[in-house]
Amino acid sequence: MKSVLLIGLGRFGRHMAQKLRNLHHEVLAVDRDERRINDALPYVTNAQIGDSTNEQFIASLGVRNFDLCVVAIGDDFQSSLETTALLKEHGAPFVLSRATRDVHAKFLLRNGADDVIYPEKQMASWAAVRYSGDHIFDYVELTDEYAIYETSVPGAWIGKTVVELAVRQRYRINILAIKRAGTLEPMPGPNHCFRADETLFILGCNRDTQKFLQL
């Protein structure tokens with residue numbers, strides 16, 4: 001269990017607070033808006049109304065005692081930048097800041113953010129891949145060169161086994177898991193026989209996976 005300071009309770013901050021709570025982390029939420037604070041009370045450990053650009057207020061939070069500080073302010077970049085800088089100045093061990101533009105991400109990193117999350121850009125990238133083919137159901141980018149895809153079983157594979165198809169040798173991809181009726185089977189063996197009602201989780205370099213998926 002980690003202690004998290006979450007500053008900003010707009011849509012992104014609210015959803016993050018809910019997920020952190022579901023993961024059983026302790027969450028202190030901060031926002032200027034009393035209504036947002038009241039709405040967040042059911043799913044945070046504690047909440048305070050306050051201005052995160054005020055140095056005295058930040059100092060009063062004891063930010064060095066939190067494992068993670070999240071700056072989820074999305075509608076006021078100046079406030080986000082000042083809050084990020086103040087958190088680091090007061091000893092926050094790790095600051096994750098939200099960006100809404102590429103240039104914002106650069107400034108946040110230069111002013112103390114340990115990492116930056118860019119939800120709109122990341123979701124746009126995911127959606128572009130997810131909906132570029134009817135046979136792709138999910139996508140996780142691991143690096144610029146590698147990704148995991150969830151995809152349907154190719155028609156030509158149905159009724160054949162992993163070893164018969166020589167999947168790794170022929171397609172240069174790894175099958176991480178098979179999903180059927182909501183149940184996941186990790187690392188299927190060489191004698192697994194593919195069925196039409198399954199989906200595959202595959203890993204490989206983008207050049208090979210995109211060729212296999214015909215993207």
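Heads up: numbering here begins at 1 and tracks the sequence.
Its side chain within the 4.5 Å cluster rule, Val103 clusters with Phe77, Leu81, Phe107, Leu108, Leu109, Val116 among the Ile, Leu, Val, Met, Phe, Trp and Tyr residues.
Side-chain contact between Tyr43 and Asn22: absent, with no pair of heavy atoms (C-beta onward) separated by less than 4.5 Å. At a threshold of 4.5 Å between non-hydrogen side-chain atoms, the residues His90 and Glu55 count as touching. A heavy-atom distance below 4.5 Å is not found between the side chains of Lys2 and Leu68. Counting heavy atoms from C-beta outward, Pro119 and Arg98 have side chains that approach closer than 4.5 Å. Side-chain contact between Thr151 and Thr209 is absent, with no heavy-atom pair separated by less than 4.5 Å. Considering only heavy atoms from C-beta on, Gln78 stays 4.5 Å or farther from Thr53 through its side chain. Between Asn111 and Lys88, the closest side-chain pair of non-hydrogen atoms is not below 4.5 Å. Two residues are said to be in side-chain contact when any heavy atoms from C-beta on lie closer than 4.5 Å; Ser52 and Leu86 fail this criterion.
Taking 4.0 Å as the cut-off between side-chain N and carboxylate O, Asp39 and Arg35 count as a salt-bridged pair. Ion pairing between Arg172 and Asp208 holds under the 4.0 Å rule for side-chain N and carboxylate O.
Leu200 CG to Lys179 NZ: the interatomic distance, rounded to the nearest 0.5 Å, is 11.5 Å. For the atom pair CG (Asn54) and OG1 (Thr83), the distance works out to 10.0 Å, reported to the nearest 0.5 Å. Within the model, atoms CZ of Phe66 and NE2 of His25 stand 14.0 Å from one another, a figure rounded to the nearest 0.5 Å. Atom OG in Ser3 sits 12.5 Å away from atom CG in Asn46 (nearest 0.5 Å).
In terms of hydrophobic clustering, with Ile, Leu, Val, Met, Phe, Trp and Tyr side chains grouped at heavy-atom distances under 4.5 Å, Ile175 and Ile158 are assigned to a common cluster. At a threshold of 4.5 Å between side-chain heavy atoms, the hydrophobic network of Ile, Leu, Val, Met, Phe, Trp and Tyr places Val30 and Leu96 in two separate groups. Linking ILVMFWY side-chain heavy atoms closer than 4.5 Å, directly or via other members, places Leu213 and Tyr171 in a single hydrophobic cluster. Leu5 and Ile49 fall into different hydrophobic clusters, where Ile, Leu, Val, Met, Phe, Trp and Tyr side chains are chained together by heavy-atom contacts under 4.5 Å.
In this structure, Asp144 places its CG atom where only 12 or fewer heavy-atom neighbours from other residues, nucleotides or ligands lie under 6.0 Å away. A 6.0 Å sphere centred on CG of Asp197 holds more than 12 heavy atoms belonging to other residues, nucleotides or ligands. Counting non-hydrogen atoms of neighbouring residues, nucleotides and ligands closer than 6.0 angstrom, the CZ atom of Arg180 exceeds 12 such neighbours.
In terms of the side-chain contact (heavy atoms from CB on, under 4.5 Å) criterion, residue partners of Val162 (sequence neighbours excluded) are, by chain and number, Val167, His192, Phe194.
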Would Arg130 and Glu150 satisfy salt bridge (Lys or Arg N to Asp or Glu O under 4.0 Å), going step by step from the backbone distance to the final call? CA-CA 9 Å; Arg130 162 65 179 85; Glu150 181 184 2; over 6 Å; no
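When each of Tyr149, Tyr146, Tyr131, Trp126 is paired with Tyr139, the ring pair (Phe, Tyr, Trp, His ring centres under 6.0 Å) condition holds for Tyr149 and for no other.
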Listed pairs under 3.5 Å, donor-acceptor, residues 11-21 side chains, sequence neighbours left out:
{"from": "Arg21", "atom 1": "NH1", "to": "Thr45", "atom 2": "OG1", "distance (Å)": "3.2"}

